[in-house]
Amino acid sequence: MIVRHLILELLEQALQQAQEVGLLPPGTPTDVTVEHPQSPEHGDFATSLPLRLARSLRMNPLEIARRLAPLIPPAEVVERVWTEPPGFINFSLKAGWLSSQVESILQEGETYGNVDLGRGERVQVEFVSVNPTGPIHVGHARGAVQGDALAAVLSAAGYQVTREYYVNDAGNQMEAFYNSLYARYQQVFGHPAEMPQGGYMGDYMVDLARAIAAKEGERFLSMPPQEAVQELGRIGLEQMLGRIREDLNRLRVHFDIWFREHTLYQEGQYQQAMDLLRQGHHLMEREGATWFVSTALGEDKDNVLIRGSGVPTYFAADVAYHYNKFVEREFSRVINIWGADHQGHVSRMKAAVGALGIDPHRLIIIISQMVTLRRGDHLLRASKRTGDLVTLPELLEEVGPDPCRYFFLARSPESQMEFDLELAKRESSENPVYYIQYAHARIASILRLALERQIDYSDGDVSLLTDPAELSLIRKMVQLPELVESMATNLEPHHLPHYAQDVATAFHWFYQQCRVVSSTPGEEALVKARLKLVKAAAITLGRCLQLMGMEAPEQM
RNA sequence: GCCCCUGUAGCUCAGUGGAUAGAGCACUGGCCUCCGAAGCCAGUGGCGCGGGUUCGAGUCCCGCCGGGGGCACCA
């Protein structure tokens with residue numbers, strides 16, 4: 001159960017009753033909201049409903065609060081309801097109910113924190129989708145972690161989630177990649193081939209060419225160049241993709257589907273999408289090209305879908321891709337995580353989806369802002385073309401997947417972030433990653449000790465948990481389902497690291513205050529109760545780490 | 001020039017229109033005689049500037065200033 005829902009319900013009942021019996025005049029309905037007050041003296045939950053109602057009811061807010069509060073029905077969860085100037089109603093939770101939640105958490109086990117918000121609704125999260133023209137780097141890694149965690153959170157919230165990577169295996173950039181590879185390949189055998197204009201200059205292209213040369217020999221040299229480029233390109237593409245997949249795996253990011261752009265042409269979705277747009281009179285021939293008339297839909301400008309050469313643009317492919325997502329595969333919602341450099345593409349993509357007859361609200365685009373990488377005072381600029389980049393494997397080598405995931409996850413996507421490699425390395429034993437993992441390891445070691453001493457705490461009585469430190473830990477733990485719900489609703493997984501840290505803090509404080517495995521005579525029952533609490537903390541913290549894709553170490 | 005994001009503590013960042021704005025790092029001072037001091041407790045320190053909406057603004061609106069990104073028949 002999510003306590004917030006209960007409190008909301010109680011409030012709504014009280015409001016309705018107050019209006020029925022004439023204690024309050026019927027007023028315009030207001031959204032009833034509750035929040036967690038900052039200060040503990042204001043209880044576990046609070047509402048400012050009376051303040052919101054004051055205007056429409058033309059009454060003093062405190063007076064509204066005083067009339068409303070006594071009408072709030074008693075509940076097994078609520079200890080006390082009271083009013084506070086200028087017009088708050090506060091709620092505190094019953095200690096007995098809180099301690100009983102330890103049993104609930106133990107019962108739910110690994111699934112603790114799950115909620116049924118999604119009811120099996122099919123949602124797609126498309127993320128990373130880096131062109132396979134080069135290795136994946138730091139900026140991509142951020143989007144990768146955000147997408148993966150968002151998908152995890154949505155799953156926990158009861159959605160049926162598909163993680164998808166869109167492979168742009170057609171288009172100009174891939175052509176440039178193929179031609180670059182062909183040039184490097186020729187160079188391996190001493191042929192003075194020139195790199196194409198706008199080619200990919202990074203050393204990895206040389207490595208790739210060498211690797212292919214070593215495996216395939218010089219057979220592409222004797223082919224007609226066009227054929228060689230094509231054959232070589234196909235191999236190079238798979239190699240790059242394999243490497244990207246491997247790098248992402250090391251970051252613990254996995255995809256259900258690697259969707260290939262070229263299938264959109266093979267299987268007719270491109271044609272169908274274009275036909276649909278044409279039927280809707282959204283297309284126009286102009287200057288030899290076919291345009292999407294997005295200005296008619298309020299956009300700043302029109303966009304080319306089919307070039308004068310007859311070759312579709314990236315945008316056209318993306319339109320077809322979204323046709324495939326919504327119409328063919330019938331996702332009820334699609335979430336795309338794009339890098340900041342795609343920001344200008346957002347509104348026309350939505351316009352196009354609308355033009356296809358799909359409610360644009362079903363498409364949600366999250367823009368993941370830039371990552372600035374810093375090594376001490378030295379700023380590192382990532383550029384694929386020049387090859388001057390910090391790749392994901394390099395980053396993982398330096399800081400490891402856990403800090404990577406934690407830091408990328410802790411920032412909201414719309415704010416740019418700075419990642420100082422030196423700091424992350426130097427302070428690796430002092431950063432929040434280890435703080436949280438340390439808490440988990442500490443918990444594990446207590447449970448190990450209990451096991452060693454053969455303490456069977458299955459009959460522990462959780463009602464003995466009354467110490468403020470015990471209760472504040474439980475208070476924190478019971479918030480997980482509510483948090484999952486709100487993260488899934490707002491698509492904001494970045495609250496997870498902060499919550500995990502709060503849980504860790506509450507645990508460390510409890511640990512400081514309360515001896516768990518005590519040898520003091522007469523405390524046997526308390527020991528068992530506390531072991532249940534510790535076990536519940538292991539579950540809660542473990543779940544957080546699992547959702548974040550981080551390791552939950554038993555010892556460190 | 002236009003569009004999007006952003007400006008919160010010395011640094012990196014949280015912060016559903018509500019009560020005394022939080023965390024980590026850094027700095028200062030305390031705490032290990034049975035479970036892990038990678039911990040706990042206390043202290044120092046802040047909403048870019050100016051208007052507006054509101055009972056109430058870090059949060060919403062307008063303007064200015066600073067930072068980042070975009071404005072291709074590239075993706």
Side-chain angles (χ1 to χ4, degrees), chain A residues 33-39 41-42 46-48 51-52 54-55 60-61 84-88 90 129-131 133 168 171-176 198 287-291 300-301 303-309 311-315 317-318 339-347 367 369-370 372 374 407 410-420 423-424 427-435 437-439 441-450 452-453 486 489-490 492 494-495 497-498 501-502 504-505 507-509 511-520 527 530-531 534 555-556:
Chain A
T33 58
V34 294
E35 66 201 64
H36 292 285
Q38 286 168 21
S39 167
E41 69 205 48
H42 296 134
T47 183
S48 57
L51 287 159
R52 294 168 204 277
R55 168 173 281 242
N60 178 309
E84 200 84 52
F88 291 99
N90 298 334
S129 300
V130 179
N131 281 2
T133 54
N168 290 112
N172 287 337
Q173 293 195 358
M174 283 318 292
E175 290 303 323
E287 300 154 32
T290 303
W291 296 71
D300 288 342
K301 55 192 187 66
N303 299 95
V304 172
L305 285 167
I306 307 170
R307 300 182 177 96
S309 62
V311 177
T313 60
Y314 160 82
F315 180 46
D318 228 4
D341 52 339
H342 285 62
Q343 163 269 123
H345 190 53
V346 172
S347 71
I367 295 297
Q369 291 294 333
M370 296 275 160
T372 309
R374 192 158 47 116
F407 284 115
R411 315 295 183 229
S412 66
E414 65 268 19
S415 54
Q416 301 155 226
M417 63 170 288
E418 230 169 70
F419 202 118
D420 188 339
L423 201 73
E427 299 178 340
S428 63
S429 64
E430 299 260 331
N431 70 37
V433 178
Y434 295 89
Y435 179 84
Q437 292 183 323
Y438 178 69
R442 218 179 199 187
I443 288 168
S445 98
I446 296 171
L447 295 175
R448 270 198 304 275
L449 181 68
E452 266 170 42
R453 302 215 180 153
S486 91
T489 302
N490 303 318
E492 290 181 340
H494 71 272
H495 296 293
H498 299 101
Q501 184 164 335
D502 285 349
T505 299
F507 178 78
H508 286 312
W509 167 240
Y511 178 88
Q512 200 75 21
Q513 296 299 305
C514 304
R515 175 81 203 179
V516 180
V517 183
S518 159
S519 44
T520 308
V527 167
R530 284 180 174 165
L531 281 169
V534 171
Q555 49 193 330
M556 42 195 296

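Note that the structure is predicted; figures quoted are calculated from it, not measured. So that the names make sense, note that chain A is the first sequence line, chain B the second, and so on, each numbered from 1.
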Q. Within the pair A:Ser415 and B:rA14, is there a side-chain N or O less than 4.0 Å away from OP1 or OP2?
A.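 Affirmative; the distance criterion is met.
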Q. Any side-chain N or O of A:Ser412 under 4.0 Å from OP1/OP2 of B:rA14?
A.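 For B:rA14, OP1/OP2 do have a side-chain N/O of A:Ser412 under 4.0 Å.
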Check every atom of [options] against the side chain of [X] and return the nucleotide holding the closest atom.
| X | options | answer |
| --- | --- | --- |
| A:His495 | B:rA75, B:rA14, B:rG18 | B:rA14 |
| A:Gln369 | B:rA75, B:rC5, B:rA19 | B:rC5 |
| A:Gln38 | B:rA14, B:rC4, B:rA19 | B:rA19 |
| A:Glu418 | B:rG39, B:rA23, B:rU12 | B:rU12 |

In whole angstrom, give the distance that lies between atom [atom1] of [X] and atom [atom2] of [N].
| X | N | atom1 | atom2 | result |
| --- | --- | --- | --- | --- |
| A:Lys301 | B:rG70 | NZ | P | 14 Å |
| A:Phe407 | B:rG24 | CZ | C1' | 8 Å |
| A:Asn490 | B:rU59 | CG | C1' | 14 Å |
| A:Arg411 | B:rG15 | CZ | C1' | 14 Å |
| A:Glu414 | B:rG67 | CD | P | 21 Å |
| A:His498 | B:rU12 | NE2 | P | 15 Å |
| A:Phe315 | B:rG70 | CZ | P | 19 Å |
| A:His342 | B:rA72 | NE2 | C1' | 13 Å |

Looking at [N], which nucleotide sits across from it as a Watson-Crick or G-U wobble partner, both distances under 3.5 angstrom, or is there none?
| N | result |
| --- | --- |
| B:rU12 | B:rA23 |
| B:rC47 | none |
| B:rG66 | B:rU6 |
| B:rA42 | B:rU28 |
| B:rC60 | B:rG52 |
| B:rC34 | none |

Pairwise [atom1] distance, [M] and [N] [rounded to whole Å]:
| N | M | atom1 | answer |
| --- | --- | --- | --- |
| B:rG29 | B:rC34 | P | 28 Å |
| B:rA57 | B:rG52 | C1' | 11 Å |
| B:rC27 | B:rC65 | P | 39 Å |
| B:rU6 | B:rA23 | P | 24 Å |
| B:rU59 | B:rG50 | P | 13 Å |
| B:rG48 | B:rA14 | P | 14 Å |
| B:rA21 | B:rG30 | P | 29 Å |
| B:rC31 | B:rG67 | P | 49 Å |

Q: Would you classify B:rC32 as syn or anti? Syn applies when the glycosidic angle is within 90° of 0.
A: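 In terms of base orientation relative to the sugar, B:rC32 is syn.
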Q.
Looking at A:Asn90 and B:rA19, is any side-chain donor or acceptor paired with a base atom of the opposite kind under 3.5 Å?
A.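 By the distance-only test, yes, there is a pair.
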Q) Which letters describe nucleotides 32-37 of chain B, given B = protein heavy atom under 4.0 Å from base, S = only from sugar-phosphate, - = neither? A) --BBBS
Q | Nearest-0.5 Å distance that lies between atom NE2 in A:His42 and atom CD in A:Glu35 | A |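 Between atom NE2 of A:His42 and atom CD of A:Glu35 there are 10.5 Å.
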Q. When rounded to the nearest 0.5 angstrom, what distance separates CD1 in A:Ile367 from CG in A:Asp341?
A.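 Result: 8.5 Å between the selected atoms.
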Closest heavy-atom pair and its distance - [X], [Y]:
| X | Y | value |
| --- | --- | --- |
| A:Ala439 | A:Ala504 | CB-CB, 3.8 Å |
| A:Arg411 | A:Met417 | CG-SD, 3.7 Å |
| A:Gly308 | A:Ala289 | N-CB, 4.0 Å |
| A:Ala46 | A:Asn90 | CB-OD1, 3.3 Å |

(Q) Using heavy-atom distances to pick each residue's nearest nucleotide on RNA chain B, tell me which of A:Ala46 and A:His508 is more 5'. (A)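 By nearest-heavy-atom nucleotide position, the 5'-most residue is A:Ala46.
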Q) Between A:Gln416 and A:His42, which has a closest nucleotide on RNA chain B that is more 5'? A)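 Its nearest nucleotide being more 5', the pick is A:His42.
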Q) Run the side-chain contact (heavy atoms from CB on, under 4.5 Å) check on A:Phe419 and A:Arg374 step by step: do they pass? A) CA-CA 6 Å; A:Phe419 202 118; A:Arg374 192 158 47 116; over 6 Å; no
Q: Go through the side-chain N and O atoms of A:His498 and A:Gln501 and say whether any donor and acceptor fall under 3.5 Å apart.
A: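 Short answer, no.
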Q. Is A:Phe88 stacked on the base of B:rA19 when the test is centres under 5.5 angstrom and planes under 30 degrees?
A.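 The ring of A:Phe88 is stacked on B:rA19.
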Q: Could you label the plane-to-plane angle of the A:Tyr511 and A:Phe507 rings as parallel, tilted or perpendicular, counting under 30° as parallel and over 60° as perpendicular?
A: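 Tilted: the ring planes of A:Tyr511 and A:Phe507 meet at 30° to 60°.
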Q: Give the intermediate values and the outcome of side-chain contact (heavy atoms from CB on, under 4.5 Å) for residues A:Asn168 and A:Tyr314.
A: CA-CA 9 Å; A:Asn168 290 112; A:Tyr314 160 82; 3.8 Å; yes
